[in-house]
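Written out below as structure tokens is the structure these notes cover.
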Amino acid sequence: MDSILPWIILLAPLVSAAVITLFTLRWKILSSAISVVAVLVSFTNSCLIFALSTGAAAEFTWIGIGGIFQVPFGLTLDPLSRTMVVLVSGVGAAIHIYSLGYMRNDEGKSRYFAALSLFMFAMLGIVLANNFIMLFMFWELVGFTSYVLIGHWFYRDAAADAANKAFITTRIGDFGFIIGILMVWMATGSVVFAEIAPRMPALASHSTFATAVALLIFCGAVGKSAQFPLHVWLPDAMEGPTPISALIHAATMVAAGVYMLVRVAFVVQASSTALLIIAWIGTITAAMAALIATQQNDIKRILAYSTISQLGYMIMAVGLASNEAAMFHLFTHAFFKALLFLAAGSILMMLHHEQDIWRMGGLSRRLPITFLTFAVGALALIGCPPFSGFFSKDAILALASEHNTPIFAVALFTAFLTAFYVIRLLVIVFFGKPRSDIARESHESPAVMTAPLIVLAILATLGGFAFFARKFLALPVEKEVATVVPVLAIIALIAGSGLAITLYRNRASEPVDLELLRHKFYLDEFYRWLIYWTQELLARASAFFDRWIIDAAAVGGSSRGTWSIGALLRLIQVGNLQGYVFLFGLGVVAIIYFAVFR
């Protein structure tokens with residue numbers, strides 16, 4: 001029985017997606033019910049496996065080419081994957097239930113839940129895969145399903161463009177990822193994690209090769225986990241339904257990159273150079289995204305840049321060679337970020353999808369449950385004790401303080417910025433006077449939407465205590481560091497929060513206008529310029545060559561020559577008997593002429 005449970009976890013969402021797509025698309029209520037039941041089945045079995053601490057799962061050969069290339073289709077059930085499937089299926093279940101209310105009147109509701117189930121299948125596949133090929137297959141399926149979900153409202157240009165941007169940008173990182181996988185196979189002769197790990201010392205002995213492999217594998221995480229410079233897709237992904245934003249940002253798609261790096265830590269940690277680069281990429285991403293968030297006015301985009309920043313912290317921890325700290329923050333972040341996005345969705349539903357924070361205000365009195373749960377998520381995000389983010393973020397800060405002082409300084413500054421933009425968001429949205437009629441007329445969301453908020457708020461409050469700390473946080477830090485770092489973090493929190501309250505209390509408009517941050521360091525404009533002068537320039541040159549060289553000279557020239565010869569022949573083939581006699585006579589005269597006068 002134990003060996004069947006993992007397969008039920010994995011396949012229940014796939015069966016749901018197939019049934020909805022093939023049989024129940026016309027019946028929205030039935031389709032949504034099937035999807036919710038499937039994810040609850042996965043969650044229930046995940047909890048059973050976690051409680052029983054079972055690690056057995058059937059395995060069979062998927063691809064076999066003699067003794068050269070062997071790929072099994074098998075599931076790994078170590079403590080990391082067992083805990084991760086609980087998180088993914090649990091948060092996924094909450095978002096499924098929430099979606100029943102949020103998407104209740106959507107015309108594409110059945111299509112939405114079919115894609116949602118397929119997405120859950122793909123993400124659970126990433127978590128459970130025991131080899132690189134399986135992982136990459138599910139990795140790409142996550143990319144496809146996220147494309148479908150982000151572009152759910154495809155008839156809106158912004159949603160279609162956002163879906164394309166997410167798909168193409170992450171493919172860039174995946175190109176490096178697949179090359180890294182091939183290099184691992186070349187060096188070790190296997191793609192199975194359990195077989196690669198003991199063979200890594202031979203790979204690590206070639207430092208340049210090991211660094212290249214680690215960084216290429218890291219490219220996959222740069223794309224999926226939206227790290228600089230491939231972070232630009234994630235804010236635009238907000239064009240999808242808000243539950244999808246919560247799903248992507250919490251425990252699934254963007255978390256996949258961090259989870260993958262922890263899963264293959266034996267590859268990444270084989271190169272100290274790669275670890276340093278990874279740590280700095282995470283640090284730069286965290287600070288950059290936090291700076292941008294301070295000047296955004298779209299509630300979902302503020303939360304999106306917050307996700308990028310927090311992912312930067314996790315990648316920083318991976319670069320500091322602490323899988324425990326990275327996963328600890330991934331788990332606490334899953335709870336409070338899902339909570340913040342779903343609470344934001346509650347706000348948007350009641351404000352008729354108005355996303356500009358400067359058209360809100362005074363919502364604490366009109367949406368009390370949403371306000372309280374949003375506040376819990378915000379306090380967890382900024383690392384306020386005793387909420388979960390305090391424990392996990394401080395663990396990363398403590399590591400940085402002990403191993404790399406410049407990284408610690410930037411990370412601490414990022415903590416200050418986080419407190420500033422989150423409290424700015426809280427003050428503008430929930431306090432002061434309503435700034436629009438829709439804000440004045442808003443009311444609390446239905447219970448099907450507020451119930452998941454309450455559950456997630458409890459988890460965001462308690463998630464940093466003994467259970468997760470004992471399981472994921474056995475970090476060897478000095479006693480002085482463990483004392484001083486939390487104090488510095490709290491000072492940064494108070495300073496950032498105080499500055500935000502001072503600047504934004506009772507404000508009707510933005511008092512600070514920094515164009516560089518408002519335009520996101522002009523990175524999107526840079527990419528548009530780069531694409532215009534590279535890809536589009538090549539496309540224009542190819543079009544010119546095709547039209548005026550190939551078509552005009554070769555294809556067009558030969559066709560016109562053939563047409564001209566045909567026209568001459570048509571002059572001869574007149575279809576008139578007298579004309580043919582005349583031409584025959586001319587031929588006889590010509591023959592006599594050439595015979596006599598040659």
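These numbers come from the heavy atoms of this one structure, side chains and all, not from hydrogens, waters or symmetry mates. Count residues from 1 along the sequence. Every value quoted in this text rests on a predicted model; they were computed, and no experiment measured them.
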Taking the side chain from [X] and the backbone from [Y], do they hold a donor-acceptor pair closer than 3.5 Å?
X      : Y      : result
Lys300 : Met238 : yes
Ser322 : Val318 : no
Trp233 : Asn164 : no
Lys393 : Leu381 : yes
Arg199 : Thr188 : yes
Thr145 : Val142 : yes
Ser388 : Ala460 : yes
Thr21  : Ala18  : no
Thr169 : Ala166 : no
Ser117 : Ala114 : no

Quiz prompt | Separation of Leu128 CG from Leu10 CG (nearest 0.5 Å) | solution =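 Those atoms lie 6.0 Å apart.
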Quiz item: Measuring from Leu530:CG to Gln535:CD, what's the distance to the nearest 0.5 Å?
Solution: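 Answer rounded to 0.5 Å: 9.5 Å.
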More than 12 foreign heavy atoms under 6.0 Å from [atom1] of [X]: is that the case here?
X      : atom1 : answer
Phe175 : CZ    : no
Phe144 : CZ    : no
Tyr147 : OH    : no

With side chains defined as the heavy atoms from C-beta onward, is the minimum distance between [X] and [Y] less than 4.5 Å?
X      : Y      : value
Thr418 : Gln310 : yes
Arg263 : Thr76  : yes
Ile315 : Phe218 : yes
Ser16  : Phe113 : no
Asn404 : Trp280 : yes
His333 : Ser392 : no

Shortest non-hydrogen contact between [X] and [Y], atoms and distance:
X      : Y      : answer
Met260 : Ala221 : CE-N, 3.8 Å
Val192 : Pro72  : CG2-CD, 3.6 Å
Gly173 : Leu230 : N-CD1, 3.8 Å
Ala287 : Leu417 : O-CD1, 4.2 Å
Thr414 : Ala290 : CG2-CB, 4.0 Å

Any salt bridge linking [X] with [Y]? Criterion: basic side-chain nitrogen under 4.0 Å from a carboxylate oxygen.
X      : Y      : result
Arg528 : Glu536 : no
Arg171 : Asp174 : yes
Arg111 : Asp106 : no
Asp524 : Lys165 : yes

Exercise. Taking the six-membered ring for Trp and the single ring otherwise, decide whether the centroids of Tyr421 and Tyr305 are under 6.0 Å apart.
Key: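 Not close enough - the centres of the two rings lie 6.0 Å or further apart.
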Self-check item: Ring centroid separation Phe391 to Phe328 under 6.0 Å
Solution: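 Here the rings of Phe328 and Phe391 have centres that are no less than 6.0 Å from each other.
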Self-check item: Mutual orientation of the aromatic rings belonging to Phe132 and Phe177 [parallel < 30°, tilted 30-60°, perpendicular > 60°]
Solution: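 The rings of Phe132 and Phe177 stand perpendicular, inter-plane angle above 60°.
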Quiz item: Hey, what's the ring geometry for Phe73 with Phe138, parallel, tilted or perpendicular (30° and 60° as the breaks)?
Solution: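 Ring orientation of Phe73 relative to Phe138: perpendicular.
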Self-check item: Exercise: do Ser271 and Thr211 side chains pair donor with acceptor under 3.5 Å
Solution: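 Side-chain D/A pair, Ser271 to Thr211: present.
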Quiz item: Taking it one step at a time, do Thr285 and His231 satisfy side chain to side chain donor-acceptor pair (under 3.5 Å)?
Solution: CA-CA 8 Å; Thr285 303; His231 65 283; over 6 Å; no
Practice problem: Using the side chain to side chain donor-acceptor pair (under 3.5 Å) rule, take Ser89 and Ser42 through it: C-alpha gap first, then chi angles, then the decisive distance, then the call. | Solution: CA-CA 6 Å; Ser89 59; Ser42 293; over 6 Å; no
